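The sequence lines fix the lettering, A, B, ..., with proteins before strands; numbering per chain opens at 1. All figures in this text were calculated on a predicted structure; none of them were measured in a lab.
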Protein chains: 2
Amino acid sequence: MRPDDLPQIRELNIFEGISDENFDELMRASFLQTFPAQMELIEEGEPADFLHIVVEGCVELFASTNGRESTMAMVYPVSSFILAAILRDAVYLMSARTNKKSRVLMIPAVSVREVFDKDPAFSKAMVMELANCYRGVIKEHKNLKLRTSVERLANRLLRYRQKQQSDQVTLPYDKKILASNLGMTPENLSRAFNTLKPYGVKVEGNKITLTDIEALATFAKPSKLIDDLAI
Amino acid sequence: MRPDDLPQIRELNIFEGISDENFDELMRASFLQTFPAQMELIEEGEPADFLHIVVEGCVELFASTNGRESTMAMVYPVSSFILAAILRDAVYLMSARTNKKSRVLMIPAVSVREVFDKDPAFSKAMVMELANCYRGVIKEHKNLKLRTSVERLANRLLRYRQKQQSDQVTLPYDKKILASNLGMTPENLSRAFNTLKPYGVKVEGNKITLTDIEALATFAKPSKLIDDLAI
DNA sequence: GCACTAGCTTGATCCAGATCAAAACATCAG
DNA sequence: CTGATGTTTTGATCTGGATCAAGCTAGTGC
(Lines give C-alpha, C1' and ligand atoms only; values in the text may rest on other atoms or scores of the structure.)
Protein backbone atom coordinates (compact mmCIF):
# COMPACT_ATOMS: atom_id res chain seq x y z
CA MET A 1 0.00 0.00 0.00
CA ARG A 2 1.28 3.46 -0.87
CA PRO A 3 1.93 5.68 2.13
CA ASP A 4 0.07 8.52 0.43
CA ASP A 5 -3.15 6.48 0.36
CA LEU A 6 -3.32 6.25 4.12
CA PRO A 7 -4.28 9.84 4.92
CA GLN A 8 -7.21 9.62 2.51
CA ILE A 9 -8.37 6.37 4.03
CA ARG A 10 -7.78 7.65 7.57
CA GLU A 11 -10.15 10.51 6.84
CA LEU A 12 -13.08 8.26 6.02
CA ASN A 13 -16.00 8.78 8.36
CA ILE A 14 -15.83 5.20 9.55
CA PHE A 15 -12.39 5.86 10.98
CA GLU A 16 -13.35 9.05 12.72
CA GLY A 17 -12.21 8.87 16.34
CA ILE A 18 -10.59 5.48 16.02
CA SER A 19 -7.33 5.19 17.93
CA ASP A 20 -4.14 5.23 15.88
CA GLU A 21 -3.20 1.83 17.23
CA ASN A 22 -6.44 0.28 16.06
CA PHE A 23 -6.32 1.99 12.72
CA ASP A 24 -2.77 0.71 12.16
CA GLU A 25 -3.86 -2.75 13.22
CA LEU A 26 -6.62 -2.71 10.61
CA MET A 27 -4.27 -1.45 7.92
CA ARG A 28 -1.67 -4.08 8.73
CA ALA A 29 -4.28 -6.80 8.31
CA SER A 30 -5.55 -5.34 5.03
CA PHE A 31 -4.32 -5.32 1.51
CA LEU A 32 -4.83 -3.00 -1.38
CA GLN A 33 -5.40 -4.45 -4.76
CA THR A 34 -5.81 -3.03 -8.23
CA PHE A 35 -8.52 -4.62 -10.33
CA PRO A 36 -9.22 -4.19 -14.03
CA ALA A 37 -12.65 -3.05 -15.17
CA GLN A 38 -15.52 -5.55 -15.07
CA MET A 39 -13.90 -7.62 -12.35
CA GLU A 40 -16.32 -9.18 -9.92
CA LEU A 41 -15.23 -8.41 -6.35
CA ILE A 42 -18.17 -9.88 -4.47
CA GLU A 43 -20.95 -12.25 -5.33
CA GLU A 44 -24.26 -12.02 -3.53
CA GLY A 45 -24.94 -14.95 -1.25
CA GLU A 46 -21.27 -15.33 -0.32
CA PRO A 47 -20.13 -14.84 3.27
CA ALA A 48 -18.89 -11.34 3.97
CA ASP A 49 -15.18 -11.88 4.55
CA PHE A 50 -13.87 -8.41 3.73
CA LEU A 51 -14.89 -4.84 4.16
CA HIS A 52 -14.08 -3.17 0.85
CA ILE A 53 -13.04 0.42 0.47
CA VAL A 54 -12.83 1.95 -3.00
CA VAL A 55 -9.65 4.02 -3.02
CA GLU A 56 -9.63 4.81 -6.72
CA GLY A 57 -11.91 4.00 -9.66
CA CYS A 58 -15.57 3.08 -9.40
CA VAL A 59 -17.48 0.00 -8.25
CA GLU A 60 -20.98 -1.07 -9.26
CA LEU A 61 -23.21 -2.81 -6.74
CA PHE A 62 -25.82 -4.95 -8.44
CA ALA A 63 -28.34 -7.61 -7.62
CA SER A 64 -29.74 -10.49 -9.62
CA THR A 65 -32.52 -12.97 -9.28
CA ASN A 66 -33.97 -15.43 -11.75
CA GLY A 67 -32.06 -14.13 -14.70
CA ARG A 68 -32.79 -10.49 -13.98
CA GLU A 69 -30.19 -8.02 -12.89
CA SER A 70 -30.22 -4.42 -11.75
CA THR A 71 -27.67 -1.85 -10.66
CA MET A 72 -28.34 -0.96 -7.04
CA ALA A 73 -25.68 1.72 -6.46
CA MET A 74 -22.36 3.09 -7.67
CA VAL A 75 -19.50 3.47 -5.22
CA TYR A 76 -16.84 6.14 -5.61
CA PRO A 77 -13.62 6.92 -3.80
CA VAL A 78 -13.13 7.08 -1.01
CA SER A 79 -15.94 4.95 0.40
CA SER A 80 -16.71 1.56 1.80
CA PHE A 81 -19.56 -0.68 0.81
CA ILE A 82 -21.79 -3.39 2.22
CA LEU A 83 -20.83 -2.71 5.79
CA ALA A 84 -23.98 -4.30 7.24
CA ALA A 85 -23.00 -7.78 6.11
CA ILE A 86 -19.64 -7.46 7.85
CA LEU A 87 -21.09 -6.39 11.16
CA ARG A 88 -23.82 -8.99 11.07
CA ASP A 89 -21.35 -11.64 9.90
CA ALA A 90 -23.88 -12.53 7.25
CA VAL A 91 -23.82 -13.11 3.51
CA TYR A 92 -23.63 -10.27 1.03
CA LEU A 93 -27.02 -9.26 -0.35
CA MET A 94 -25.52 -7.59 -3.40
CA SER A 95 -22.71 -8.34 -5.82
CA ALA A 96 -19.98 -5.86 -6.72
CA ARG A 97 -17.84 -5.39 -9.78
CA THR A 98 -15.42 -2.74 -10.91
CA ASN A 99 -16.88 -0.34 -13.44
CA LYS A 100 -13.43 0.87 -14.38
CA LYS A 101 -9.94 0.02 -13.27
CA SER A 102 -10.04 0.40 -9.50
CA ARG A 103 -7.90 0.17 -6.40
CA VAL A 104 -9.74 -1.41 -3.54
CA LEU A 105 -8.67 -1.83 0.05
CA MET A 106 -9.83 -5.07 1.58
CA ILE A 107 -10.00 -5.27 5.35
CA PRO A 108 -10.70 -8.71 6.81
CA ALA A 109 -14.12 -8.83 8.40
CA VAL A 110 -12.68 -10.52 11.46
CA SER A 111 -10.35 -7.59 12.05
CA VAL A 112 -13.18 -5.12 11.61
CA ARG A 113 -15.30 -6.91 14.19
CA GLU A 114 -12.38 -7.17 16.62
CA VAL A 115 -11.70 -3.46 16.49
CA PHE A 116 -15.41 -2.78 16.55
CA ASP A 117 -15.61 -4.66 19.85
CA LYS A 118 -12.75 -2.83 21.51
CA ASP A 119 -12.84 0.68 20.09
CA PRO A 120 -16.00 2.59 21.14
CA ALA A 121 -15.29 5.45 18.77
CA PHE A 122 -15.00 3.03 15.89
CA SER A 123 -18.22 1.26 16.77
CA LYS A 124 -20.02 4.58 17.00
CA ALA A 125 -18.60 5.68 13.68
CA MET A 126 -19.90 2.42 12.25
CA VAL A 127 -23.34 3.21 13.57
CA MET A 128 -23.34 6.56 11.84
CA GLU A 129 -22.14 4.99 8.63
CA LEU A 130 -24.84 2.34 8.79
CA ALA A 131 -27.50 4.91 9.59
CA ASN A 132 -26.42 6.95 6.57
CA CYS A 133 -26.36 3.95 4.26
CA TYR A 134 -29.77 2.87 5.51
CA ARG A 135 -31.23 6.32 4.98
CA GLY A 136 -29.67 6.42 1.53
CA VAL A 137 -31.50 3.26 0.52
CA ILE A 138 -34.77 4.59 1.94
CA LYS A 139 -34.36 7.61 -0.33
CA GLU A 140 -33.63 5.39 -3.33
CA HIS A 141 -36.67 3.27 -2.54
CA LYS A 142 -38.88 6.35 -2.31
CA ASN A 143 -37.41 7.58 -5.59
CA LEU A 144 -38.40 4.32 -7.25
CA LYS A 145 -41.87 4.02 -5.71
CA LEU A 146 -42.99 7.62 -5.91
CA ARG A 147 -41.59 8.90 -9.17
CA THR A 148 -41.81 8.14 -12.86
CA SER A 149 -38.67 7.19 -14.71
CA VAL A 150 -38.42 10.61 -16.38
CA GLU A 151 -38.72 12.32 -13.01
CA ARG A 152 -35.96 10.11 -11.66
CA LEU A 153 -33.69 11.12 -14.52
CA ALA A 154 -34.52 14.81 -14.14
CA ASN A 155 -33.76 14.73 -10.44
CA ARG A 156 -30.57 12.81 -11.02
CA LEU A 157 -29.38 15.44 -13.50
CA LEU A 158 -30.11 18.18 -10.97
CA ARG A 159 -28.13 16.26 -8.41
CA TYR A 160 -25.17 15.88 -10.77
CA ARG A 161 -25.38 19.60 -11.50
CA GLN A 162 -25.17 20.45 -7.84
CA LYS A 163 -22.31 18.06 -7.22
CA GLN A 164 -20.28 19.14 -10.24
CA GLN A 165 -21.14 22.81 -9.68
CA SER A 166 -21.78 23.35 -13.37
CA ASP A 167 -24.64 23.53 -15.85
CA GLN A 168 -22.71 21.13 -18.03
CA VAL A 169 -22.59 17.81 -16.25
CA THR A 170 -20.58 14.75 -17.20
CA LEU A 171 -22.21 11.40 -16.62
CA PRO A 172 -19.88 9.48 -14.29
CA TYR A 173 -20.44 6.14 -16.02
CA ASP A 174 -22.01 4.87 -19.21
CA LYS A 175 -25.68 5.22 -19.93
CA LYS A 176 -26.41 1.53 -19.72
CA ILE A 177 -25.43 1.56 -16.05
CA LEU A 178 -27.25 4.82 -15.39
CA ALA A 179 -30.42 3.39 -16.91
CA SER A 180 -30.20 0.27 -14.78
CA ASN A 181 -29.51 2.31 -11.65
CA LEU A 182 -32.58 4.46 -12.37
CA GLY A 183 -34.72 1.38 -12.92
CA MET A 184 -35.23 1.51 -16.67
CA THR A 185 -33.81 0.08 -19.91
CA PRO A 186 -31.19 1.92 -22.01
CA GLU A 187 -33.79 2.51 -24.74
CA ASN A 188 -36.02 4.20 -22.21
CA LEU A 189 -33.21 6.28 -20.83
CA SER A 190 -32.64 7.57 -24.33
CA ARG A 191 -36.32 8.40 -24.65
CA ALA A 192 -36.36 9.99 -21.21
CA PHE A 193 -33.51 12.29 -22.23
CA ASN A 194 -35.59 13.23 -25.28
CA THR A 195 -38.63 13.88 -23.11
CA LEU A 196 -36.53 16.35 -21.13
CA LYS A 197 -35.36 18.29 -24.19
CA PRO A 198 -38.13 20.90 -23.86
CA TYR A 199 -36.92 21.46 -20.30
CA GLY A 200 -33.51 22.55 -21.49
CA VAL A 201 -31.69 19.23 -21.42
CA LYS A 202 -29.14 18.91 -24.20
CA VAL A 203 -27.31 15.63 -24.71
CA GLU A 204 -23.88 15.23 -26.33
CA GLY A 205 -22.60 11.79 -25.59
CA ASN A 206 -21.96 11.67 -21.86
CA LYS A 207 -21.95 15.46 -21.58
CA ILE A 208 -25.32 16.90 -20.62
CA THR A 209 -25.95 20.63 -20.78
CA LEU A 210 -28.77 22.05 -18.70
CA THR A 211 -29.95 25.30 -20.22
CA ASP A 212 -33.19 25.94 -18.33
CA ILE A 213 -32.69 24.97 -14.72
CA GLU A 214 -35.92 26.51 -13.55
CA ALA A 215 -38.02 24.60 -16.05
CA LEU A 216 -36.22 21.37 -15.27
CA ALA A 217 -36.67 21.86 -11.52
CA THR A 218 -40.34 22.67 -12.03
CA PHE A 219 -40.76 19.42 -13.90
CA ALA A 220 -38.63 17.33 -11.53
CA LYS A 221 -40.06 18.71 -8.28
CA PRO A 222 -37.07 17.69 -6.19
CA SER A 223 -37.59 16.79 -2.56
CA LYS A 224 -34.87 17.09 0.04
CA LEU A 225 -36.19 13.96 1.69
CA ILE A 226 -35.34 12.00 -1.46
CA ASP A 227 -32.63 13.92 -3.24
CA ASP A 228 -30.46 15.38 -0.50
CA LEU A 229 -27.87 12.72 0.33
CA ALA A 230 -26.60 14.76 3.27
CA ILE A 231 -29.70 14.72 5.49
CA MET B 1 -47.08 1.81 31.73
CA ARG B 2 -48.28 -1.63 32.77
CA PRO B 3 -45.65 -3.65 34.55
CA ASP B 4 -46.43 -6.64 32.36
CA ASP B 5 -45.34 -4.70 29.26
CA LEU B 6 -41.81 -4.30 30.50
CA PRO B 7 -40.59 -7.87 30.09
CA GLN B 8 -41.73 -7.87 26.46
CA ILE B 9 -39.98 -4.60 25.78
CA ARG B 10 -36.91 -5.68 27.72
CA GLU B 11 -36.58 -8.66 25.40
CA LEU B 12 -36.32 -6.55 22.26
CA ASN B 13 -33.06 -7.07 20.44
CA ILE B 14 -32.13 -3.44 20.86
CA PHE B 15 -32.05 -3.91 24.61
CA GLU B 16 -29.97 -7.05 24.52
CA GLY B 17 -27.06 -6.65 26.91
CA ILE B 18 -28.07 -3.22 28.12
CA SER B 19 -27.50 -2.73 31.85
CA ASP B 20 -30.59 -2.78 34.06
CA GLU B 21 -29.82 0.73 35.26
CA ASN B 22 -29.73 2.11 31.77
CA PHE B 23 -32.83 0.25 30.72
CA ASP B 24 -34.70 1.61 33.74
CA GLU B 25 -33.43 5.08 32.93
CA LEU B 26 -34.81 4.84 29.42
CA MET B 27 -38.15 3.51 30.64
CA ARG B 28 -38.45 6.27 33.23
CA ALA B 29 -37.95 8.86 30.53
CA SER B 30 -40.47 7.24 28.21
CA PHE B 31 -44.20 7.09 28.04
CA LEU B 32 -46.62 4.61 26.64
CA GLN B 33 -49.62 5.88 24.79
CA THR B 34 -52.62 4.29 23.17
CA PHE B 35 -53.61 5.70 19.81
CA PRO B 36 -56.77 5.06 17.79
CA ALA B 37 -56.49 3.78 14.25
CA GLN B 38 -55.41 6.20 11.51
CA MET B 39 -53.58 8.44 13.94
CA GLU B 40 -50.48 10.04 12.51
CA LEU B 41 -47.55 9.46 14.88
CA ILE B 42 -44.76 10.92 12.79
CA GLU B 43 -44.59 13.18 9.78
CA GLU B 44 -41.67 12.91 7.39
CA GLY B 45 -39.40 15.93 7.49
CA GLU B 46 -39.91 16.45 11.21
CA PRO B 47 -37.01 16.17 13.61
CA ALA B 48 -36.71 12.76 15.19
CA ASP B 49 -37.55 13.44 18.82
CA PHE B 50 -38.68 9.98 19.88
CA LEU B 51 -37.78 6.40 19.26
CA HIS B 52 -41.10 4.61 18.86
CA ILE B 53 -41.74 1.03 19.87
CA VAL B 54 -44.98 -0.66 18.84
CA VAL B 55 -46.13 -2.63 21.88
CA GLU B 56 -49.53 -3.56 20.55
CA GLY B 57 -51.42 -2.97 17.31
CA CYS B 58 -49.85 -2.15 13.98
CA VAL B 59 -48.19 0.92 12.48
CA GLU B 60 -47.85 1.81 8.82
CA LEU B 61 -44.75 3.61 7.59
CA PHE B 62 -45.41 5.58 4.46
CA ALA B 63 -43.81 8.21 2.30
CA SER B 64 -45.23 10.94 0.12
CA THR B 65 -43.99 13.36 -2.45
CA ASN B 66 -45.81 15.66 -4.83
CA GLY B 67 -49.21 14.26 -4.06
CA ARG B 68 -48.14 10.64 -4.34
CA GLU B 69 -48.01 8.31 -1.40
CA SER B 70 -46.82 4.76 -0.83
CA THR B 71 -46.67 2.33 2.05
CA MET B 72 -43.05 1.58 2.84
CA ALA B 73 -43.42 -0.98 5.64
CA MET B 74 -45.74 -2.29 8.32
CA VAL B 75 -44.51 -2.51 11.90
CA TYR B 76 -45.78 -5.08 14.37
CA PRO B 77 -45.25 -5.70 18.04
CA VAL B 78 -42.87 -5.70 19.55
CA SER B 79 -40.56 -3.59 17.34
CA SER B 80 -39.07 -0.16 17.00
CA PHE B 81 -39.02 1.96 13.90
CA ILE B 82 -36.98 4.64 12.22
CA LEU B 83 -33.98 4.15 14.47
CA ALA B 84 -31.53 5.70 12.01
CA ALA B 85 -33.06 9.17 12.33
CA ILE B 86 -32.69 9.03 16.12
CA LEU B 87 -29.04 8.06 16.04
CA ARG B 88 -28.19 10.56 13.35
CA ASP B 89 -30.27 13.24 15.09
CA ALA B 90 -31.83 13.91 11.70
CA VAL B 91 -35.34 14.34 10.35
CA TYR B 92 -37.63 11.39 9.74
CA LEU B 93 -37.60 10.22 6.14
CA MET B 94 -40.95 8.47 6.47
CA SER B 95 -44.27 9.19 8.14
CA ALA B 96 -46.04 6.77 10.47
CA ARG B 97 -49.65 6.20 11.34
CA THR B 98 -51.51 3.58 13.29
CA ASN B 99 -53.23 1.03 11.10
CA LYS B 100 -55.35 -0.12 13.99
CA LYS B 101 -55.66 0.87 17.62
CA SER B 102 -52.10 0.68 18.92
CA ARG B 103 -50.02 1.10 22.04
CA VAL B 104 -46.74 2.77 21.34
CA LEU B 105 -43.83 3.40 23.66
CA MET B 106 -42.06 6.67 22.99
CA ILE B 107 -38.51 7.03 24.22
CA PRO B 108 -37.01 10.52 23.96
CA ALA B 109 -34.27 10.58 21.37
CA VAL B 110 -32.00 12.48 23.74
CA SER B 111 -32.24 9.65 26.26
CA VAL B 112 -31.53 7.07 23.59
CA ARG B 113 -28.39 8.90 22.49
CA GLU B 114 -27.24 9.38 26.09
CA VAL B 115 -27.48 5.70 26.86
CA PHE B 116 -26.04 4.91 23.46
CA ASP B 117 -22.95 6.92 24.41
CA LYS B 118 -22.41 5.26 27.75
CA ASP B 119 -23.60 1.68 27.35
CA PRO B 120 -21.39 -0.26 24.89
CA ALA B 121 -23.76 -3.22 24.79
CA PHE B 122 -26.62 -0.92 23.89
CA SER B 123 -24.64 0.79 21.15
CA LYS B 124 -23.66 -2.57 19.71
CA ALA B 125 -27.24 -3.79 19.86
CA MET B 126 -28.20 -0.63 17.97
CA VAL B 127 -25.67 -1.45 15.31
CA MET B 128 -27.16 -4.87 14.81
CA GLU B 129 -30.64 -3.44 14.67
CA LEU B 130 -29.57 -0.86 12.10
CA ALA B 131 -27.75 -3.48 10.04
CA ASN B 132 -30.89 -5.61 10.03
CA CYS B 133 -33.15 -2.74 9.08
CA TYR B 134 -30.75 -1.69 6.33
CA ARG B 135 -30.58 -5.22 4.95
CA GLY B 136 -34.37 -5.41 5.11
CA VAL B 137 -34.72 -2.38 2.89
CA ILE B 138 -32.14 -3.72 0.46
CA LYS B 139 -34.30 -6.85 0.14
CA GLU B 140 -37.43 -4.75 -0.41
CA HIS B 141 -35.64 -2.68 -3.02
CA LYS B 142 -34.50 -5.82 -4.83
CA ASN B 143 -38.04 -7.15 -4.63
CA LEU B 144 -39.31 -4.01 -6.34
CA LYS B 145 -36.63 -3.73 -8.99
CA LEU B 146 -36.26 -7.37 -9.93
CA ARG B 147 -39.78 -8.78 -9.76
CA THR B 148 -43.13 -8.19 -11.39
CA SER B 149 -46.05 -7.22 -9.23
CA VAL B 150 -47.59 -10.71 -9.44
CA GLU B 151 -44.30 -12.27 -8.39
CA ARG B 152 -44.14 -9.92 -5.43
CA LEU B 153 -47.61 -10.97 -4.33
CA ALA B 154 -46.84 -14.67 -4.78
CA ASN B 155 -43.69 -14.39 -2.71
CA ARG B 156 -45.50 -12.40 -0.06
CA LEU B 157 -48.13 -15.11 0.25
CA LEU B 158 -45.42 -17.73 0.64
CA ARG B 159 -43.87 -15.65 3.34
CA TYR B 160 -47.18 -15.29 5.19
CA ARG B 161 -47.65 -19.04 4.91
CA GLN B 162 -44.29 -19.71 6.49
CA LYS B 163 -44.85 -17.20 9.24
CA GLN B 164 -48.39 -18.37 10.06
CA GLN B 165 -47.43 -22.02 9.64
CA SER B 166 -50.59 -22.75 7.71
CA ASP B 167 -51.82 -23.14 4.15
CA GLN B 168 -54.65 -20.78 5.01
CA VAL B 169 -53.17 -17.38 5.63
CA THR B 170 -54.86 -14.31 6.97
CA LEU B 171 -53.83 -11.00 5.52
CA PRO B 172 -52.60 -8.90 8.47
CA TYR B 173 -54.08 -5.67 7.14
CA ASP B 174 -56.48 -4.57 4.45
CA LYS B 175 -55.81 -5.10 0.78
CA LYS B 176 -55.48 -1.41 0.01
CA ILE B 177 -52.43 -1.24 2.29
CA LEU B 178 -51.04 -4.54 1.01
CA ALA B 179 -51.31 -3.27 -2.57
CA SER B 180 -49.51 -0.05 -1.71
CA ASN B 181 -46.80 -1.91 0.17
CA LEU B 182 -46.25 -4.20 -2.82
CA GLY B 183 -46.03 -1.21 -5.16
CA MET B 184 -49.33 -1.52 -7.03
CA THR B 185 -52.91 -0.19 -7.01
CA PRO B 186 -55.79 -2.04 -5.25
CA GLU B 187 -57.30 -2.85 -8.67
CA ASN B 188 -54.09 -4.50 -9.69
CA LEU B 189 -53.80 -6.42 -6.46
CA SER B 190 -57.22 -7.84 -7.19
CA ARG B 191 -56.11 -8.81 -10.70
CA ALA B 192 -52.86 -10.26 -9.35
CA PHE B 193 -54.81 -12.49 -6.99
CA ASN B 194 -56.83 -13.65 -9.98
CA THR B 195 -53.68 -14.29 -11.97
CA LEU B 196 -52.52 -16.59 -9.16
CA LYS B 197 -55.74 -18.64 -9.13
CA PRO B 198 -54.32 -21.30 -11.45
CA TYR B 199 -51.45 -21.66 -8.97
CA GLY B 200 -53.77 -22.68 -6.21
CA VAL B 201 -54.51 -19.31 -4.65
CA LYS B 202 -58.05 -19.04 -3.34
CA VAL B 203 -59.31 -15.74 -1.99
CA GLU B 204 -62.08 -15.29 0.55
CA GLY B 205 -61.99 -11.78 1.84
CA ASN B 206 -58.77 -11.50 3.83
CA LYS B 207 -58.40 -15.27 4.11
CA ILE B 208 -56.21 -16.76 1.43
CA THR B 209 -56.01 -20.50 0.97
CA LEU B 210 -52.98 -21.92 -0.80
CA THR B 211 -53.86 -25.29 -2.31
CA ASP B 212 -50.87 -25.94 -4.57
CA ILE B 213 -47.75 -24.79 -2.80
CA GLU B 214 -45.40 -26.38 -5.28
CA ALA B 215 -46.99 -24.65 -8.26
CA LEU B 216 -47.05 -21.33 -6.45
CA ALA B 217 -43.39 -21.65 -5.47
CA THR B 218 -42.46 -22.61 -9.02
CA PHE B 219 -44.14 -19.48 -10.23
CA ALA B 220 -42.80 -17.22 -7.49
CA LYS B 221 -39.21 -18.50 -7.55
CA PRO B 222 -38.41 -17.28 -4.05
CA SER B 223 -34.88 -16.20 -3.24
CA LYS B 224 -33.49 -16.29 0.27
CA LEU B 225 -31.55 -13.14 -0.50
CA ILE B 226 -34.85 -11.31 -0.97
CA ASP B 227 -37.44 -13.21 0.98
CA ASP B 228 -35.68 -14.48 4.08
CA LEU B 229 -35.95 -11.73 6.68
CA ALA B 230 -33.64 -13.59 9.03
CA ILE B 231 -30.45 -13.58 6.98
C1' DG C 1 -7.34 2.31 -42.64
C1' DC C 2 -10.50 -1.29 -42.07
C1' DA C 3 -13.16 -4.54 -39.63
C1' DC C 4 -15.22 -5.57 -35.52
C1' DT C 5 -17.56 -4.68 -31.25
C1' DA C 6 -20.06 -2.30 -27.88
C1' DG C 7 -22.87 1.55 -26.77
C1' DC C 8 -26.55 4.34 -28.08
C1' DT C 9 -30.55 5.88 -30.66
C1' DT C 10 -34.73 5.27 -33.09
C1' DG C 11 -38.81 2.79 -34.68
C1' DA C 12 -42.43 -0.48 -34.13
C1' DT C 13 -44.99 -3.26 -31.26
C1' DC C 14 -46.43 -5.34 -27.05
C1' DC C 15 -47.85 -5.52 -22.38
C1' DA C 16 -47.86 -4.68 -17.36
C1' DG C 17 -49.86 -1.65 -14.68
C1' DA C 18 -52.48 2.78 -14.01
C1' DT C 19 -56.64 5.29 -14.41
C1' DC C 20 -61.44 5.89 -14.65
C1' DA C 21 -65.97 4.19 -13.97
C1' DA C 22 -69.38 1.30 -12.20
C1' DA C 23 -71.08 -2.40 -9.56
C1' DA C 24 -70.92 -5.52 -5.76
C1' DC C 25 -69.90 -6.44 -1.07
C1' DA C 26 -69.13 -5.74 3.80
C1' DT C 27 -69.43 -2.99 7.79
C1' DC C 28 -71.31 0.40 10.71
C1' DA C 29 -74.50 3.74 12.69
C1' DG C 30 -79.00 5.19 13.58
C1' DC D 1 -83.59 -3.13 9.26
C1' DT D 2 -82.07 0.49 6.31
C1' DG D 3 -79.09 3.83 4.53
C1' DA D 4 -74.50 5.39 4.19
C1' DT D 5 -69.74 4.60 3.56
C1' DG D 6 -65.54 2.39 2.50
C1' DT D 7 -63.42 -1.61 0.38
C1' DT D 8 -63.04 -4.66 -3.27
C1' DT D 9 -63.89 -6.38 -7.76
C1' DT D 10 -64.59 -6.05 -12.57
C1' DG D 11 -64.62 -3.80 -17.07
C1' DA D 12 -62.85 -0.63 -20.37
C1' DT D 13 -59.31 2.20 -21.78
C1' DC D 14 -54.98 4.49 -21.54
C1' DT D 15 -50.09 4.87 -20.97
C1' DG D 16 -45.45 4.25 -19.35
C1' DG D 17 -42.10 1.24 -20.02
C1' DA D 18 -40.31 -3.26 -21.99
C1' DT D 19 -39.00 -5.92 -25.87
C1' DC D 20 -37.38 -6.68 -30.36
C1' DA D 21 -35.11 -5.05 -34.37
C1' DA D 22 -32.26 -2.21 -37.02
C1' DG D 23 -29.22 1.45 -37.83
C1' DC D 24 -25.81 4.82 -36.31
C1' DT D 25 -21.72 6.16 -33.74
C1' DA D 26 -17.50 5.72 -31.39
C1' DG D 27 -13.69 3.19 -29.93
C1' DT D 28 -10.32 -0.50 -30.42
C1' DG D 29 -7.25 -3.89 -32.41
C1' DC D 30 -4.73 -5.56 -36.20
Side-chain angles (χ1 to χ4, degrees), chain A residues 36-38 58 60 65-71 74 97-101 143-157 170-198 201-208 219-220, chain B residues 36-38 58 60 66-71 97 99-101 143-157 170-197 201-208 219-220:
Chain A
Q38 306 312 317
C58 178
E60 175 195 0
T65 196
N66 301 318
R68 296 179 199 140
E69 179 176 306
S70 185
T71 302
M74 303 301 286
R97 83 187 134 216
T98 53
N99 181 240
K100 52 187 67 155
K101 181 180 171 189
N143 196 30
L144 197 59
K145 281 195 118 184
L146 296 169
R147 285 177 169 159
T148 67
S149 57
V150 181
E151 287 168 346
R152 295 197 292 276
L153 174 63
N155 280 287
R156 179 65 65 97
L157 292 176
T170 302
L171 299 180
Y173 34 80
D174 63 34
K175 287 178 179 174
K176 185 176 135 197
I177 301 290
L178 176 62
S180 185
N181 188 218
L182 291 176
M184 66 181 88
T185 61
E187 295 95 333
N188 269 303
L189 178 63
S190 199
R191 297 190 227 278
F193 270 117
N194 276 330
T195 303
L196 292 177
K197 258 178 177 149
V201 174
K202 193 178 175 198
V203 181
E204 284 163 320
N206 71 338
K207 300 226 173 293
I208 317 297
F219 171 86
Chain B
Q38 308 310 319
C58 178
E60 175 195 0
N66 299 318
R68 297 180 198 140
E69 178 175 306
S70 186
T71 302
R97 77 185 139 217
N99 180 239
K100 52 185 66 154
K101 182 179 170 189
N143 197 29
L144 197 60
K145 281 194 117 182
L146 296 169
R147 283 175 172 161
T148 67
S149 56
V150 182
E151 288 169 347
R152 298 199 290 276
L153 174 62
N155 279 289
R156 180 66 64 98
L157 293 176
T170 303
L171 299 181
Y173 35 81
D174 61 35
K175 285 177 179 173
K176 183 176 136 199
I177 300 290
L178 176 61
S180 184
N181 188 221
L182 291 175
M184 67 181 87
T185 61
E187 294 95 332
N188 271 304
L189 178 64
S190 197
R191 298 191 227 277
F193 270 116
N194 276 329
T195 303
L196 292 176
K197 259 180 178 150
V201 174
K202 194 178 175 197
V203 181
E204 283 164 320
N206 72 338
K207 301 226 173 289
I208 316 300
F219 172 86

Contact summary for [X] and [Y], nearest pair of heavy atoms:
{"X": "A:T71", "Y": "B:K145", "value": "O-NZ, 2.7 Å"}
{"X": "A:K175", "Y": "A:V203", "value": "NZ-CG1, 3.4 Å"}
{"X": "B:S180", "Y": "B:E69", "value": "OG-O, 4.5 Å"}
{"X": "A:R147", "Y": "A:N155", "value": "CZ-ND2, 3.3 Å"}
{"X": "B:N143", "Y": "B:R152", "value": "O-CD, 3.4 Å"}

Can you tell me the distance, in whole Å, between the [atom1] atom of [X] and the [atom2] atom of [N]?
{"X": "A:R147", "N": "D:dG17", "atom1": "CZ", "atom2": "C1'", "value": "18 Å"}
{"X": "A:N99", "N": "C:dG7", "atom1": "CG", "atom2": "C1'", "value": "13 Å"}
{"X": "B:E204", "N": "C:dA24", "atom1": "CD", "atom2": "P", "value": "21 Å"}
{"X": "A:L196", "N": "C:dT9", "atom1": "CG", "atom2": "C1'", "value": "16 Å"}
{"X": "A:N206", "N": "C:dC8", "atom1": "CG", "atom2": "P", "value": "9 Å"}

(message) Counting only side-chain nitrogens and oxygens, does B:T185 get under 4.0 Å of the OP1 or OP2 atom of C:dG17?
(response) no
(request) Report yes or no: does A:T98 contribute a side-chain atom to a donor-acceptor pair with the main-chain N or O of A:Q38 at less than 3.5 Å? (result) yes
(message) So if I define the base as every atom that isn't primed, P, OP1 or OP2, how would nucleotides 6-16 of chain D read as a B/S/- string at a heavy-atom cutoff under 4.0 Å?
(response) -SSSBBB----
